[in-house]
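Have a look at the structure below, then the notes.
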2 protein chains.
Amino acid sequence: MLDAFEAALIDGGARGATMDAVAAAAGVSKGGLLYHYASKEALESALIERMRRLVDLDVEEMLRSPDGIVAVFVRTSVQSDTPLDRAIVATSRLAQTGHDAASVALRDARRVWEDALRPHTRDESALQLVLLVSDGLYFNSALATQGVPGPIPQGDDLDALIALVERAAR
Amino acid sequence: MLDAFEAALIDGGARGATMDAVAAAAGVSKGGLLYHYASKEALESALIERMRRLVDLDVEEMLRSPDGIVAVFVRTSVQSDTPLDRAIVATSRLAQTGHDAASVALRDARRVWEDALRPHTRDESALQLVLLVSDGLYFNSALATQGVPGPIPQGDDLDALIALVERAAR
DNA sequence: GTCTATATACAGATAGAC
DNA sequence: GTCTATCTGTATATAGAC
């Protein structure tokens with residue numbers, strides 16, 4: 001059900017993520033959905049909490065990566081089908097409706113990445129550059145809806161971009 | 001009235017930008033508002049059209065600027081109180097509710113900037129880097145709501161960031 | 001042109017049967 | 001646990017007076 005809510009947010013934006021739509025997508029009725037999540041707010045909170053957890057796991061994994069953390073960070077910002085990425089895009093959709101808890105959670109996530117990347121960048125400007133490129137990639141993912149794909153670099157273009165960011169940051 | 005709609009979107013997100021709120025902010029009744037804009041969709045279309053026009057004017061002005069267009073572009077991406085920036089943030093809010101026309105307009109704007117910047121960057125990677133930093137700045141502006149300010153570089157930090165982006169891009 | 005009053009639609013949430 | 005039926009609030013839009 002949480003997956004259905006996430007998918008509804010990603011595909012149709014907050015406008016389309018109604019309890020009815022979520023219930024239908026999850027294969028239950030509205031009443032059935034509300035048995036598990038007592039309110040829409042409960043559903044939203046659960047999504048946000050899941051995103052927080054996935055961000056923490058993601059950072060732990062990045063820190064263990066043999067490749068440079070900067071490269072891994074930028075590369076994973078492009079993906080859009082991992083559980084983490086879907087949770088982030090869905091939470092972004094929520095944040096744009098004026099949902100303060102979602103905005104705060106995204107800010108906190110950014111802070112977690114910032115602290116993990118700081119030791120691997122030359123100075124604060126370089127750190128901000130890396131974070132902003134990642135933000136930009138997420139922004140384009142968040143704008144991309146069903147009918148309107150975003151202009152996100154892939155393949156060789158992505159490799160070249162990552163190389164450029166690494167050169168600028170270290 | 002269009003200004004009131006824009007302000008409502010920026011301050012309260014799409015959720016708070018009701019016809020009632022817009023009418024109240026504009027100092028008219030709902031009926032009065034609907035006399036000028038026959039539907040909410042008309043109001044949305046008008047906002048999107050205004051953003052398109054402002055983007056075109058902005059690019060023309062940037063191309064005439066004596067400073068490097070890359071520096072000007074990044075610097076103006078940080079501002080959030082010019083008519084253009086307000087229009088962009090408001091349109092972003094709209095886009096996140098699943099409003100396809102808003103998403104398309106933002107994609108088109110990005111294309112306009114892309115074409116203007118291309119002659120002033122070394123290669124496609126550099127071009128994407130500049131655009132993504134700008135996207136990232138807008139993303140953070142868009143996330144920042146009344147109670148949740150975004151982490152946007154200012155003053156000396158901004159100057160240093162711009163210098164770094166210029167160095168990486170040319 | 002701008003207002004008030006009202007119609008219509010739909011979202012979230014509740015109640016109670018099964 | 002899951003359903004259907006229903007209540008309530010709120011948003012868009014219309015009608016008609018002034």
Side-chain angles (χ1 to χ4, degrees), chain A residues 1-51 87 89-103 105 145-146, chain B residues 1-51 89-103 105 145-147:
Chain A
M1 297 183 181
L2 200 49
D3 288 336
F5 179 50
E6 196 177 75
L9 279 171
I10 293 171
D11 291 345
R15 177 140 57 185
T18 64
M19 296 298 269
D20 232 332
V22 172
V28 295
S29 70
K30 220 171 7 172
L33 173 61
L34 280 159
Y35 172 80
H36 294 279
Y37 295 94
S39 69
K40 182 156 202 185
E41 204 183 319
L43 208 47
E44 294 166 344
S45 298
L47 174 68
I48 291 170
E49 272 318 299
R50 180 157 87 169
M51 190 213 64
V89 172
T91 304
S92 300
R93 293 273 155 85
L94 225 51
Q96 306 293 20
T97 67
H99 197 291
D100 277 358
S103 299
T145 52
Q146 219 159 12
Chain B
M1 298 182 182
L2 200 50
D3 288 336
F5 179 50
E6 194 176 77
L9 279 172
I10 294 171
D11 290 343
R15 177 140 57 184
T18 65
M19 296 299 268
D20 230 333
V22 172
V28 295
S29 71
K30 228 181 345 184
L33 174 61
L34 279 159
Y35 173 79
H36 295 278
Y37 295 94
S39 68
K40 181 154 202 186
E41 204 183 319
L43 207 48
E44 294 166 344
S45 298
L47 173 68
I48 290 169
E49 273 318 299
R50 179 157 87 170
M51 189 212 65
V89 172
T91 305
S92 300
R93 293 273 155 86
L94 225 50
Q96 306 293 19
T97 67
H99 197 292
D100 276 359
S103 300
T145 52
Q146 223 159 8

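Here is the naming used below: chain letters follow the sequence lines, and residue numbers restart at 1 for every chain.
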Contacts of type side chain to side chain contact (heavy atoms under 4.5 Å, CB included), residue [X], not counting sequence neighbours:
X	answer
A8(B)	A17(B), V22(B)
S103(A)	A95(A), T145(B), V148(B)
A24(B)	none
A25(A)	A4(A)

Divergence of helical axes at both termini of the helix from dG1(C)-dC18(D) to dC18(C)-dG1(D) - five pairs an end, 10° steps: 0°
R93(B) CZ to L47(B) CG distance, which is reported to the nearest 0.5 Å: 12.0 Å
Between CE on residue M19(A) and CG on residue L43(A), distance to nearest 0.5 Å: 5.5 Å
5′-ward residue of the pair R15(A)/L34(A) relative to DNA chain C: R15(A)
Polar-atom pairs under 3.5 Å, protein N or O versus N or O of nucleotides 1-6 of chain D: list them with distances, or write none.
from: dT2(D); atom 1: OP2; to: H36(A); atom 2: NE2; distance (Å): 2.4
from: dC3(D); atom 1: OP2; to: S29(A); atom 2: N; distance (Å): 2.4
from: dC3(D); atom 1: OP2; to: S29(A); atom 2: OG; distance (Å): 2.8
from: dC3(D); atom 1: O5'; to: S29(A); atom 2: OG; distance (Å): 3.3

Neighbours of DNA chain C within residues 40-51 of chain A, by heavy-atom distance under 4.0 Å: K40(A)
Non-neighbouring partners of T91(B) that pass side-chain hydrogen bond (donor to acceptor under 3.5 Å, both in side chains), sequence neighbours left out: none
Where at least one partner belongs to residues 40-51 of chain B, residue pairs that pass salt bridge (charged side-chain N to carboxylate O under 4.0 Å, His left out), sequence neighbours excluded: D3(B)-R50(B), E6(B)-R50(B), E49(B)-R52(B)
V28(B) vs H36(B), side chain to side chain contact (heavy atoms under 4.5 Å, CB included): CA-CA, chis, key distance, verdict: CA-CA 11 Å; V28(B) 295; H36(B) 295 278; over 6 Å; no
Option among V89(A), L94(A), T97(A) that satisfies the side-chain contact (heavy atoms from CB on, under 4.5 Å) test with L9(A): L94(A)
Length of the OH-P vector between Y37(A) and dT14(C), whole Å: 17 Å
M19(A) CE to dT14(C) P, straight-line distance once rounded to whole Å: 10 Å
